[in-house]
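In what follows, chains carry the letters A, B, and so on, assigned in the order in which the sequence lines appear, proteins first and then strands, with residues in each chain numbered from 1.
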Protein chains: 2
Amino acid sequence: MARETPLIQDVADYCLQKGFRFTEPRQFVLDIIARSKKPIGAYEVLEKLGKKLKNPKPPTAYRAIEFLSEHGFIHRIESLNAYIICQSDHLHKGSQFMICDQCGTVLETHLCDLPEPLVKKTRDAHFHLTRWNVELHGICQTCYKPV
Amino acid sequence: MARETPLIQDVADYCLQKGFRFTEPRQFVLDIIARSKKPIGAYEVLEKLGKKLKNPKPPTAYRAIEFLSEHGFIHRIESLNAYIICQSDHLHKGSQFMICDQCGTVLETHLCDLPEPLVKKTRDAHFHLTRWNVELHGICQTCYKPV
DNA sequence: TTTGATTTGTTACAATATAACATTTTAATA
DNA sequence: TATTAAAATGTTATATTGTAACAAATCAAA
Ligand SMILES: [Zn+2]
Ligand SMILES: [Zn+2]
Ligand SMILES: [Zn+2]
Ligand SMILES: [Zn+2]
């Protein structure tokens, strides 16, 4: 398959480097999620995947999603049961998203470290942090209409 | 029904004050979630509810969950599809949880305000924040075994 | 005691996700 | 090159989580 975008190339390189196979389902699912402006559900991915593969079933979509997610190329938005391309150059322990509850747009922001007040909470509780996920809900600039 | 715990009494008072009905499904579901040491799924709530009500169906559990959640007495842990009693005296815009991926225990902590680095992100994006949810994954003190 | 709002009961189904096992692909090994 | 074992996919079936729609009951106010 022809490599279509820089992102596809990046993931191809990553897989080559790490010895993973960048198979058709993985490429197509990455492309589908990357092209989506908003978080996209697994079954919508599956439906679009059907234009590229012959009659794919849920596990095909879910496995590719799992692979891409494990390696940080996409993220799951937990409060939406949906997936979005990493907008912060993958491989980070924490994610933070601003989710517009009106138009559905999601903006990922990157903080290298968890903010100190939260770190303090984990220290106080002797909690050994491995990853974090922050989902901020509200109204985006475009949707916001002051009264 | 007899009022069993201070929490039940608190919610009863709140409902009286606000003009909501603190019906049996709501009381029982609150009690079930409050007694659970760990986040509990809707269908497990439903199963336990079956010991109190005659053959309840999913909407009965989900409606009570929705009510209690809307009014801040319980929270949904998005990454677990499960519900937990509010450990921070309800009515807060933001939640933060430490989730032990080994034993499943969840500890809620309270920050009155979103940490400044995150507030700055929302300001920069002109994002109008309404609520936030922070889910910290890791290993709790009890489960942690240093090498 | 009628009325209207709130809440629940009930049926059916939608949406999301995974278990289990057969088959194929791939690259390393013999 | 033929063999093998790991990785990945195909396929079938099903589990899990959540909701739409409408009828019936409850409750408090008019
Ligand atoms: Zn990212
Ligand atoms: Zn918006
Ligand atoms: Zn709380
Ligand atoms: Zn633990």
Side-chain angles (χ1 to χ4, degrees), chain A residues 1 11-12 14-33 36 38-50 52-71 73-84 104, chain B residues 1 11-12 14-33 36 38-50 52-71 73-84 104:
Chain A
M1 180 210 178
V11 181
Y14 174 89
C15 288
L16 197 60
Q17 177 116 25
K18 297 271 188 170
F20 300 116
R21 298 185 209 163
F22 195 34
T23 58
E24 285 207 323
R26 291 173 179 177
Q27 291 181 44
F28 292 143
V29 167
L30 177 70
D31 190 59
I32 288 163
I33 295 175
S36 176
K38 297 175 184 178
I40 180 173
Y43 277 75
E44 198 183 339
V45 169
L46 180 61
E47 187 224 306
K48 290 184 191 299
L49 191 57
K52 298 279 193 169
L53 297 177
K54 156 178 125 190
N55 196 24
K57 303 293 188 304
T60 299
Y62 276 103
R63 284 167 181 157
I65 286 170
E66 184 183 24
F67 174 83
L68 295 168
S69 184
E70 275 173 355
H71 297 284
F73 296 108
I74 65 173
H75 302 298
R76 174 179 166 83
I77 308 294
E78 298 285 358
S79 56
L80 302 176
N81 294 340
Y83 306 88
I84 193 167
Chain B
M1 177 207 180
V11 181
Y14 174 90
C15 288
L16 196 60
Q17 178 114 26
K18 297 272 187 169
F20 300 116
R21 297 185 209 164
F22 194 35
T23 59
E24 285 208 323
R26 291 172 179 177
Q27 291 182 43
F28 292 143
V29 167
L30 176 71
D31 191 59
I32 289 163
I33 295 175
S36 176
K38 298 174 182 178
I40 181 174
Y43 277 76
E44 197 183 340
V45 169
L46 181 60
E47 187 224 307
K48 289 184 190 300
L49 191 57
K52 299 280 195 168
L53 297 177
K54 157 178 126 191
N55 196 23
K57 303 293 188 304
T60 299
Y62 276 103
R63 284 167 181 157
I65 286 169
E66 184 184 23
F67 175 82
L68 295 168
S69 183
E70 275 173 355
H71 297 285
F73 295 108
I74 66 173
H75 302 298
R76 176 179 165 83
I77 309 294
E78 299 286 357
S79 56
L80 302 176
N81 294 342
Y83 307 87
I84 194 168

Closest to side chain of B:Thr60, choosing from C:dT7, D:dG10, C:dT10: C:dT10

Heavy-atom closest contact (A:Gly104 atom, A:Pro39 atom, distance): O-CD, 3.5 Å

Euclidean distance, atom CG of residue B:Leu80 to atom P of C:dA17 [Å, nearest integer]: 14 Å

5′-ward residue of the pair B:Lys57/B:Arg26 relative to DNA chain C: B:Arg26

Base versus backbone protein contacts along nucleotides 18-30 of chain D [heavy-atom cut-off under 4.0 Å; B, S, -]: BBBB----BS---

Close aromatic pair by centroid cut-off 6.0 Å: B:Phe20 and B:Phe67: yes

Between P of C:dT24 and CG of A:Leu53, the distance in whole Å: 17 Å

Rounded distance in Å - CG (A:Asn55) to C1' (D:dT9): 14 Å

Bending between helix ends of the helix from C:dT1-D:dA30 to C:dA30-D:dT1 [5 pairs per end, 10° resolution]: 10°

Nearest-0.5 Å distance that lies between atom CZ in B:Arg76 and atom CG in B:Asn81: 4.5 Å

Salt-bridge criterion met for A:Glu24 and A:Arg26 (N-O under 4.0 Å): no

Separation of atom NZ in A:Lys52 from atom C1' in D:dT9, rounded to whole Å: 19 Å

Polar contact flag, side-chain donor to acceptor under 3.5 angstrom, A:His71-A:Tyr14: yes

Length of the CD-P vector between B:Glu66 and C:dT6, whole Å: 14 Å

Nearest-0.5 Å distance, NE2 of residue B:His75 to CD1 of residue B:Ile65: 14.0 Å

Heavy-atom neighbours of A:Gln17 CD exceed 12 at 6.0 Å: no

Separation of D:dT11 P from A:Lys54 NZ (nearest whole Å): 7 Å

Rounded distance (Å) that lies between atom P of C:dT8 and atom CG of B:Leu49: 11 Å

pair B:Leu30-B:Phe22: side-chain heavy atoms closer than 4.5 Å: yes

Under 4.0 angstrom between A:Thr23 side-chain N/O and C:dT25 OP1 or OP2: no

Separation of atom CD1 in B:Ile65 from atom P in C:dT8, rounded to whole Å: 13 Å

For the student: nearest non-hydrogen atoms of B:Leu46 and B:Pro56, plus distance: CD1-O, 3.5 Å

